Student: 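The structure under discussion is supplied below as structure tokens; questions concerning it will follow.
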Amino acid sequence: MLLRRIYQFLMIYLIGLAILLMIKYVVNLSDYVIPSLGILLNTFGGISSTYAHDVFSTLCVAIIGQIFSIMLAFVVGILGRKTTWLGSLIKVAAYNIQAYPIVALAPIIFILLGDGFVSRLLIAAMICYFPLLLSVVGILAEPITEVEHFYQQTGRMRWQLEVKIRSFENLPKLTTVIAGSATLAMAGTIVAEFIAANAGIGYSIRIALYQSDLSKILVALFMIGITLSIYQGALEIAGRLVKSAWEQ
Amino acid sequence: MVIRARSVFPLLIDRLARLISMSVALGVTFFILDPAIAQENLTYRLKWLINMSTVGDIVAVHQGCFLEQGLTVTLKSGGPERDAIRDLELGHADFGVASGDQVIQAISKGSPVVVVAQLFQKNPLQWVYFKNKIRIDGLTDLKNKTIGVTFGKNDEIIMRTLLVKSGLSERQVRLYSVRLDYTPFYKGVADLWPVYINTQGVEIGHKLMASGASIAFLDPESHGVLFVANSVVTSKRLLEEHPERVHRFIKGLIKGWTTAVEGTDTDRIVDDVRRYDRDTSRDLLFAQLDQTRALVKPGKTVSIGRINVPAWEQTEAIMLANQQIDRPVNVGTRLRLEFVE
């Protein structure tokens with residue numbers, strides 16, 4: 001599963017790169033517009049270790065932000081799963097808040113909290129949280145009638161049991177949602193770093209953009225893609241392990 | 001067939017032939033004489049958002065300087081993610097504005113770009129500081145100061161060059177990463193903050209002076225650092241294939257900048273800028289106009305748009321010393337001096 005994710009990413013990246021190079025040579029563009037393969041390899045050799053460190057820094061923030069979002073999404077999702085007034089309010093609030101573009105809110109966050117770790121974390125969590133919440137609410141609000149019916153009839157149904165049943169029955173869906181939210185957390189962190197942080201791969205991309213250096217940006221994209229593929233693959237494996245442990 | 005038709009309808013054919021030739025002659029005459037018909041469409045990509053730094057470009061468009069040259073020019077604003085030189089190569093623009101370092105960087109990567117005019121004779125980039133907090137009489141006074149720089153942008157290179165000139169090592173100062181807002185400067189986290197003297201400098205200056213603060217600016221040029229800012233670029237191909245078009249464009253553009261810099265109808269000039277920059281008050285725009293004029297024409301003998309070759313050579317040398325380029329590009333060969341008197 002992990003290997004499949006990696007080679008799928010490599011295929012997509014190489015196809016994208018091949019298209020770029022094809023455009024470069026067909027339209028006869030200079031290395032300033034699209035770098036040649038030689039320049040790209042040279043840049044990769046020169047900055048890959050620095051960028052690997054930057055991506056790792058970004059990934060750490062993204063993981064913490066994602067964990068925070070998952071926990072919060074489950075707490076709010078459990079509260080919002082019922083078709084009560086509170087449940088409906090939580091769903092409406094999640095839909096509305098999700099509509100605000102984070103890039104518009106990010107500068108306010110940076111002014112209030114500075115450009116350190118907390119701002120990056122908060123923005124990553126915000127980008128990741130709302131889609132996650134909507135999925136979790138959707139999954140936990142769906143009754144598993146054939147299983148729950150027995151516990152309801154015997155009067156043994158408690159909210160903890162209800163959540164467990166619904167989570168277990170939807171574990172593949174939840175795993176997919178959590179693995180998918182990793183992309184959002186990573187994207188959120190990169191956006192935060194791009195806007196105003198002073199560390200991470202988003203910050204490095206901003207510098208490369210100022211220098212009009214597309215080769216650095218392409219190397220950064222490669223590092224982000226490969227790291228994200230490994231992380232998502234690891235999450236999927238973790239999901240399977242949890243399921244098999246739960247089944248036993 | 002024609003001969004046969006002519007023999008059948010001689011009068012009609014003759015009249016038709018006369019009518020067609022007259023129509024063609026009239027059409028050609030109108031095409032040449034009427035600028036509204038003879039206009040050529042050009043796209044001009046600016047370096048940054050449209051504000052007072054682009055006043056001459058705006059005036060050239062809105063006060064008919066390009067139209068007089070038979071050109072309809074579309075102004076496109078720039079930004080961090082937009083690059084005029086890339087647009088030239090991709091055919092999205094015919095002319096553009098780029099800073100000296102962008103041009104040199106592009107030449108080093110094989111871009112067929114040429115410089116046809118230099119808008120700012122003096123680089124607007126300076127560092128603002130509170131006079132009551134620090135005192136800077138010479139570059140050595142930068143020692144132990146926290147200096148804001150935008151890593152990756154030309155202010156980083158300029159500051160590093162100033163540090164080399166001062167004899168200070170980078171360990172003797174603290175370089176602080178600049179972001180969108182000025183809070184770290186206002187809070188005193190950074191002692192010096194990079195600003196464009198004609199836009200941000202005026203804005204911040206007014207705010208701080210209104211609050212009773214006393215500020216000053218560190219000007220790299222007064223310490224011998226010449227680093228070329230906004231210049232007009234086009235592609236080698238356009239220059240070779242249509243030199244007259246380039247000539248007309250520059251003529252219109254220089255007329256626009258001359259009106260902006262020397263014109264007495266400042267109300268109209270500010271109104272033109274306000275079409276694009278609605279967030280800046282009129283008072284500030286007048287102050288920004290004064291500052292911009294000093295950058296475009298710093299002395300009576302300096303021609304507007306003149307390409308300052310020694311400044312370009314120094315910019316290249318600075319970039320080489322800072323390893324922004326890996327070999328000399330001989331930028332002088334890409335400077336086309338013939339378009340500006």
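Proteins get letters first, then strands, A, B, ... in listed order; numbering begins at 1 in each. Note that this is a predicted model, so its numbers are computed, not measured.
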Student: Using non-hydrogen atoms and a 4.5 Å limit, figure out which bit of A:Val27 sits close to chain B: side chain, backbone, both or neither.
Tutor: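 Neither part.
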Student: Who are the ring-ring contact (aromatic ring centres under 6.0 Å, His included) partners of B:Tyr176, not counting sequence neighbours?
Tutor: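 ring-ring contact (aromatic ring centres under 6.0 Å, His included) list for B:Tyr176, sorted by chain: empty.
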Student: For B:Asp279, is the CG atom crowded, meaning more than 12 foreign heavy atoms sit under 6.0 Å from it?
Tutor: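 Counting other residues, nucleotides and ligands, CG of B:Asp279 stays at 12 neighbours or fewer.
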Student: Counting only heavy atoms not in A:Lys173, do more than 12 fall under 6.0 Å of its NZ?
Tutor: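 No, not enclosed.
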Student: Go through the structure and list residues passing salt bridge (charged side-chain N to carboxylate O under 4.0 Å, His left out) with B:Glu170, not counting sequence neighbours.
Tutor: B:Arg160
Student: For residues B:Ser177 and A:Tyr203, is any side-chain donor paired with an opposing acceptor at under 3.5 Å?
Tutor: yes
Student: Show the nearest heavy-atom pair for residues B:Gly110 and A:Ser30, with the distance to one decimal.
Tutor: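 Here B:Gly110 and A:Ser30 meet closest at O-CB, 3.4 Å.
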Student: Do B:Ile107 and A:Tyr32 come close enough that some side-chain heavy atom pair is under 4.5 Å?
Tutor: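 The answer is no; the side chains never approach within 4.5 Å.
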Student: Just checking B:Lys133: does its NZ atom have more than 12 heavy atoms from other residues, nucleotides or ligands closer to it than 6.0 angstrom?
Tutor: yes
Student: Does any backbone or side-chain atom of B:Ser108 lie under 4.5 Å from a heavy atom of chain A? Answer side chain, backbone, both or neither.
Tutor: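 B:Ser108 has no heavy atom closer than 4.5 Å to chain A.
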Student: Between B:Glu156, B:Lys153, B:Gln105, which has the largest tally of heavy atom pairs under 4.5 Å with chain A?
Tutor: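 Greatest number of close heavy-atom pairs with chain A: B:Lys153.
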Student: Which residues pass the ring-ring contact (aromatic ring centres under 6.0 Å, His included) test with B:Phe95, sequence neighbours left out?
Tutor: B:Phe249
Student: Quick check on the structure: residues of residues 208-229 of chain A within a heavy-atom distance below 4.5 Å of chain B, by number.
Tutor: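 The stretch touches chain B at A:Leu209, A:Tyr210, A:Gln211, A:Ser212, A:Asp213, A:Leu214.
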